[in-house]
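Sequence lines set the chain letters: A, B, ... in the order given, protein chains first and strands last, and positions in each chain run from 1.
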Amino acid sequence: MKYSFLEIEKKWQKFWSDNRIYEVKNSSTKPKFYVLDMFPYPSGAGLHVGHPLGYIASDIFARYKRHKGYHVLHPQGYDSFGLPAEQYAITTGQHPKKTTSDNIEIYRSQLDRMGFGFDWSREIRTSDPEYYKWTQWIFILFFNSYYCPFDNKAKSIDNLIELFKSEGNLKFKSFLSSDDMIFDSKDWNNFKKESKSKILMSYRLAYLSDGEVNWCEELGTVLANDEVINGFSERGGFLVTKKRIKHWCLRISKYAERLLSDLESIDWPEPLKEMQRNWIGKSKGVSVKFKVDGLKKNIEVFTTRPDTIFGTTFLTVAPEYDLLNELTTKENEAKVNDYLKSISGKSELERISDIKSVTGVFTGSYAIHPFTLEKIPIWVSDYVIASYGTGAVMAVPSGDQRDYDFANKFGLEIKNIFKGIDISKSAFEEKSNFILENSDFLDNLSFSEAIDKIISEIEKKEIGKSKIQYKLRDAIFSRQRYWGEPIPIYYIDGEPNTLNLSDLPLELPEVDNFLPTKNGDSPLGNSKKWAWDIRNKNVVQNDLIDEKNVFPLELNTMPGWAGSSWYFYRYMDSNNKDSFASKDAIEYWQRIDLYLGGSEHATGHLLYSRFYQKFLFDLNILPVNEYASKLINQGMILGNSSFIYRERGTNNFYSKNLIKNKKVDKIRIDISYVDIENKLDIDNLKNSNKSFSDSEFYSENGSFIVEREHEKMSKSKFNVVNPDDICDQYGADTLRMYEMFLGPIEQAKPWSTRGISGVYSFLKKFWNLFFLNGEFQVSKDSPSDESLKILNQTIKKVSNDIEKFSLNTCISSFMICINKLSEEKCNSESVLRPLLILISPFAPHFAEELWSLMGNKKSIVDEPFPTHNESILIESQKLYPVSFNGKTRFTINLSLDLNNEEIEEIILNDDQTKKYLDNRKPKKIIIVKGKIINIVV
RNA sequence: GCUUCGGUGGCGAAAUUGGUAGACGCGCUGGAUUCAAAAUCCAGUUCCCUUGGGAGUGUGGGUUCGAUUCCCACCCGAAGUACCA
């Protein structure tokens with residue numbers, strides 16, 4: 001019988017879904033295991049062979065764990081809100097609701113063909129109101145919480161209000177930027193409602209801010225820092241500028257230290273942890289106050305190099321610095337204003353490309369150096385960032401290259417404080433190998449001596465204190481877009497109020513026009529029905545807004561990561577109407593045991609979701625403070641793009657090896673016109689693409705050869721390979737195994753359809769072991785010793801490899817095994833039975849079919865995973881004399897384990913050797929080609 | 001610039017973590033089967049002279065009886081990040 005994968009796969013997929021084989025309950029006597037893939041955006045282009053790589057790996061692992069006796073949760077869903085989904089809808093001119101559900105249907109049919117064991121009864125979609133109800137609920141929790149610095153966790157804002165009522169905010173003194181903000185309980189009780197609201201806003205974990213944000217005009221929305229790459233939007237690659245706009249933020253910065261230190265407790269890839277550490281950007285330093293000459297104000301600077309304080313020759317403040325107005329003298333006012341104007345129009349990109357050109361102006365004011373009491377000028381420059389540190393720096397040209405360049409450009413003093421070090425060409429930035437000079441009481445000290453001394457001096461004089469600074473900024477939460485969760489806030493007299501849980505979900509309104517606007521007005525404003533009636537608890541029409549009980553709703557929506565920051569908990573109990581997941585379900589599943597996804601989410605989803613986790617943990621809603629104990633980043637599968645060469649200025653195309661001495665342009669063409677040997681189907685290309693109909697094609701040796709190049713697989717690069725096509729030609733099981741066989745899971749690797757035949761013929765060979773003269777036949781006879789040995793070797797290797805997640809070498813072991821068994825002509829049931837269970841995570845349809853042909857009534861998925869018998873693998877050995885280090889010892893052919901009882905049979909015919917071994921009690925001897933090469937003691 | 005990860009045949013890659021480098025697969029070469037093709041099977045395939053040797057894991061050093069593996073310096077590639085004081 002032939003291996004007809006098409007029939008087999010269809011049959012078993014139906015069987016699985018009819019019998020709900022992959023649905024799991026929220027309780028079991030077995031130990032639990034939760035395997036999760038990062039859920040996809042249903043993007044419209046459908047899946048290509050690169051997408052399922054991670055799903056296949058996690059599916060194999062989930063199935064393996066199930067064989068191992070675990071109760072495995074392995075769900076799937078869709079991240080269907082957000083920019084990518086909406087951009088697709090806009091470019092195709094359809095409503096995002098429609099494109100989203102259409103795309104999901106395509107995704108689902110493609111996923112189903114590959115035989116994944118997902119529990120689809122738990123499917124979620126972030127754009128489903130029943131889901132985003134809870135996304136909104138979490139936002140309300142953020143709004144109603146503050147971060148308590150004493151208990152180091154989030155708490156209800158009500159606690160804070162109580163505290164203010166009874167004792168004011170004196171306790172928070174050290175967290176306030178100025179002493180003006182201190183109030184006592186009497187003050188608080190006398191404050192007007194608006195003042196109270198404003199004060200509370202500066203403590204809430206979700207808060208309104210009107211600072212500068214990353215604005216992308218083309219996308220018509222504000223973006224968070226991780227969504228901007230080199231001045232362009234991550235999605236679409238559009239220019240990003242700075243803009244002042246009122247927006248919601250999440251106070252993730254309060255969690256910086258915990259996000260950083262808890263990285264130690266999770267088994268995530270080191271490079272990814274490193275990316276998060278860099279993003280959080282912790283640095284230790286000191287803040288120092290400089291008195292402003294003639295003004296009763298201080299400028300506080302932050303520095304990590306207080307040891308260089310005597311090299312300070314000027315101060316620089318950011319253009320957005322609070323006191324800049326006061327610092328600017330009359331004479332310099334025009335200059336400063338001109339300067340501010342000149343940089344305000346700059347886009348993020350211009351600021352980046354301008355790094356080398358130093359700009360800035362003198363404010364006219366001077367500061368007093370706290371130790372030398374010298375007058376030093378105060379400048380303003382955009383190389384100082386307002387949102388980092390204090391927005392002001394002490395400039396030490398001799399010790400910092402930026403200060404050095406600035407001083408050079410504007411002719412400011414450069415004072416060398418490093419003994420014997422030449423700073424005529426550049427600043428000296430090292431933190432070692434120097435002794436200070438011109439530094440008063442720090443003279444002749446090294447870096448570590450100086451830094452300790454100066455910190456204690458600064459603290460003694462009470463002009464500053466040690467400080468830890470993070471790069472991590474609060475996350476901008478508002479999006480001026482349609483396709484996202486509405487923010488459950490309505491405004492009374494401009495003050496935000498939250499909806500109640502019972503009012504949720506606040507559903508996305510139907511609008512006439514959902515397109516984003518260039519001026520930043522949210523499309524939700526285009527709705528006729530979009531205001532909140534607090535008495536009837538429902539959304540009502542705009543024109544009733546003037547009525548006493550009807551108030552305008554927030555028009556911005558949430559960012560894409562709002563829904564994806566907590567979704568892994570919804571899977572635990574996805575149909576729950578009363579809570580985002582029941583206590584029991586959360587208590588049972590706890591957290592993800594294995595999470596798979598791409599490393600591109602390192603500073604986005606993977607950071608935000610850790611933040612959400614810690615927040616919900618603080619409120620006792622979740623039981624653990626990290627949600628994924630192990631994470632694996634799967635690498636990308638690269639496409640194999642094809643190009644043809646056109647002679648410049650002509651319409652002539654040349655085969656790859658005919659372009660010598662010609663000026664040519666590379667033209668990208670769809671890989672469907674190119675065969676496996678890189679030959680172009682010219683007629684097909686000309687017929688289906690009019691722009692080539694008049695072109696001349698010059699072939700070599702009768703064929704036209706194209707250029708090939710590996711790059712990211714994407715529809716726009718015409719290099720996608722559809723998994724459906726591979727399933728049609730070779731079957732899902734072959735595709736699954738081949739994708740794993742390509743190389744290590746974490747690595748980027750090029751796709752090549754050519755290599756798939758190896759895996760395909762492996763499965764056919766395996767299949768044929770079960771058949772004799774076309775008839776299914778499995779022997780009851782006991783297998784040969786050789787077959788048993790092969791089986792046991794394979795079980796050992798495969799188990800080890802799956803545990804290590806080395807799935808490519810795992811498949812190699814299968815191939816070796818089947819090749820040997822074919823040679824042995826082994827069809828013994830006691831060998832084939834365990835082998836089927838072994839292969840079933842990789843090729844589930846294949847295994848089920850043969851399993852049932854063997855007469856088993858139940859699905860193979862719950863069969864216990866075979867274990868190997870070590871004693872079968874060890875052979876008795878004899879030792880022979882051999883020379884080692886010039887002395888005669890003994891020899892064997894293989895390494896062996898001396899702990900094993902087989903040691904008894906070793907003949908030691910050399911007294912010296914025997915003594916040597918008796919003394920050392922070696923565990924293992926390795927001998928190669930008659931020479932001892934290792935004795936493991 | 002900084003951080004991280006890599007560099008092994010024509011290609012994707014293995015190497016029990018210091019022990020016969022190149023397992024397994026693709027491709028290629030030759031052969032069998034076939035009217036023929038597909039499929040299948042057998043043999044060979046790191047490189048160089050070839051009876052037999054010699055060289056070989058980016059380059060140059062070092063440790064070791066022994067190094068793809070450990071240490072130092074350098075070269076190349078990929079990813080992340082960048083006026084963060």
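If you find the closest nucleotide of RNA chain B to A/I811 and to A/A392, the one lying nearer the 5' end belongs to A/I811. Both A/P271 and A/Y738 lie near RNA chain B, and the one whose nearest nucleotide falls closer to the 5' end is A/P271.
Across all strands, A/K765 comes closer than 4.0 Å only to sugar-phosphate atoms, never to a base (heavy-atom distances). No engagement by A/N800 is indicated, since no non-hydrogen atom pair under 4.0 Å with the nucleic acid exists. Contacts of A/S283 with the nucleic acid, taken as non-hydrogen atoms under 4.0 Å apart, involve only primed sugar atoms and P, OP1 or OP2. Counting any heavy atom pair closer than 4.0 Å across all strands shown, A/R708 reaches no nucleic acid atom. A/Q469 comes within 4.0 angstrom of nothing in the nucleic acid, heavy atoms only. Backbone-only engagement by A/S761 is indicated by non-hydrogen atom pairs under 4.0 Å involving sugar-phosphate atoms exclusively. Across all strands, A/K764 comes closer than 4.0 Å only to sugar-phosphate atoms, never to a base (heavy-atom distances). Nucleic acid contact for A/N819: sugar-phosphate only, since backbone atoms but no base atoms lie under 4.0 Å from a heavy atom of the residue.
Between the P atoms of B/rG62 and B/rA15, the separation comes to 29 Å (whole Å). As rounded to the nearest Å, B/rU17 and B/rG12 have C1' atoms that lie 23 Å from one another. Taking atom C1' in both B/rG22 and B/rU34, the straight-line distance is 36 Å, to the nearest Å. A gap of 14 Å separates the P atoms of B/rA78 and B/rU8, to the nearest Å. Spacing of C1' atoms, B/rG19 relative to B/rU68, comes out at 12 Å, to the nearest Å. B/rA38 and B/rU33: their C1' atoms are spaced 13 Å apart (whole Å). Nucleotides B/rG44 and B/rA79 place their C1' atoms 41 Å apart, quoted to the nearest Å. When the P atom is compared between B/rC70 and B/rG7, the two are found 11 Å apart, to the nearest whole Å.
Across the protein-nucleic acid pair, A/F762 atom CZ and B/rG12 atom P stand 23 Å apart, rounded to whole Å. Residue A/Q793 contributes atom CD, which lies 13 Å from atom P of B/rC24 at whole-angstrom precision. Rounded to whole Å, atom P of B/rG1 lies 14 Å from atom CD of A/E429. If you take CD1 of A/I816 and P of B/rA23, they are 10 Å apart, rounded to a whole angstrom. Atom-to-atom, CG of A/L638 to P of B/rA79 comes out at 10 Å; the value is rounded to the nearest Å. One atom, CG of A/N225, and another, C1' of B/rG80, lie 15 Å apart when rounded to the nearest Å. For the pair A/K2 NZ and B/rA38 C1', the interatomic distance rounds to 11 Å; values are reported in whole Å. What separates CG of A/L53 from P of B/rG12 is a distance of 17 Å, to the nearest Å.
For A/M815, whose side chain is taken as the heavy atoms from C-beta onward, the closest listed nucleotide among B/rA85, B/rG25, B/rU4 is B/rG25. Closest to the side chain of A/S757, from the set B/rA23, B/rG27, B/rA13, is B/rG27. The side chain of A/S812 has B/rC24 as its nearest neighbour among B/rA85, B/rC24, B/rA14. For A/W279, counting side-chain heavy atoms from C-beta on, the closest listed nucleotide (B/rA85, B/rG25, B/rA82) is B/rA82.
Here A/R277 pairs with A/E274 in a salt bridge; the nearest charged N to carboxylate O distance falls below 4.0 Å.
Annotated as anti: B/rG60, whose O4'-C1'-N torsion sits more than 90° from 0. With a glycosidic angle no more than 90° from 0, B/rU17 adopts the syn conformation.
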Checklist entry - Hey, mind stepping through A/Y730 and A/F5 against ring pair (Phe, Tyr, Trp, His ring centres under 6.0 Å) and telling me if it holds? => result CA-CA 8 Å; A/Y730 298 96; A/F5 51 84; 7.7 Å; no

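Below 30°, between 30° and 60°, or above 60°: for A/F310 and A/F371 the angle between ring planes is between 30° and 60°, a tilted geometry. Note: A/F406 and A/W379 have perpendicular aromatic rings, judged against thresholds of 30 and 60 degrees for the angle between ring planes.
Between B/rA85 and A/Y383, no contact under 4.0 Å exists linking OP1 or OP2 to a side-chain N or O. The phosphate of B/rA13 (OP1 or OP2) has a side-chain N or O of A/Q747 nearer than 4.0 angstrom.
Partners of A/F805 by ring-ring contact (aromatic ring centres under 6.0 Å, His included), not counting sequence neighbours, listed by chain and number: A/F61. When the side chain to side chain contact (heavy atoms under 4.5 Å, CB included) test is applied to A/K471, the partners found at least two apart in sequence or on another chain are A/Y388.
Of the N and O atoms on the side chains of A/S641 and A/N719, at least one donor lies less than 3.5 Å from an acceptor on the other residue. No donor-acceptor contact under 3.5 angstrom links the side chains of A/T390 and A/E300, judged on distance only. Counting only N and O atoms by type, the side chains of A/Y470 and A/S253 include no donor and acceptor under 3.5 Å apart.
Looking at RNA chain B, the stems built from 3 or more consecutive Watson-Crick or G-U wobble pairs, each pair with its key distances under 3.5 Å, are B:1-7 with B:75-81, B:10-12 with B:24-26, B:27-32 with B:40-45, B:46-49 with B:52-55, B:58-62 with B:70-74.
Taking the six-membered ring for Trp and the full ring otherwise, the centers of A/F766 and A/Y3 sit at least 6.0 Å from each other.
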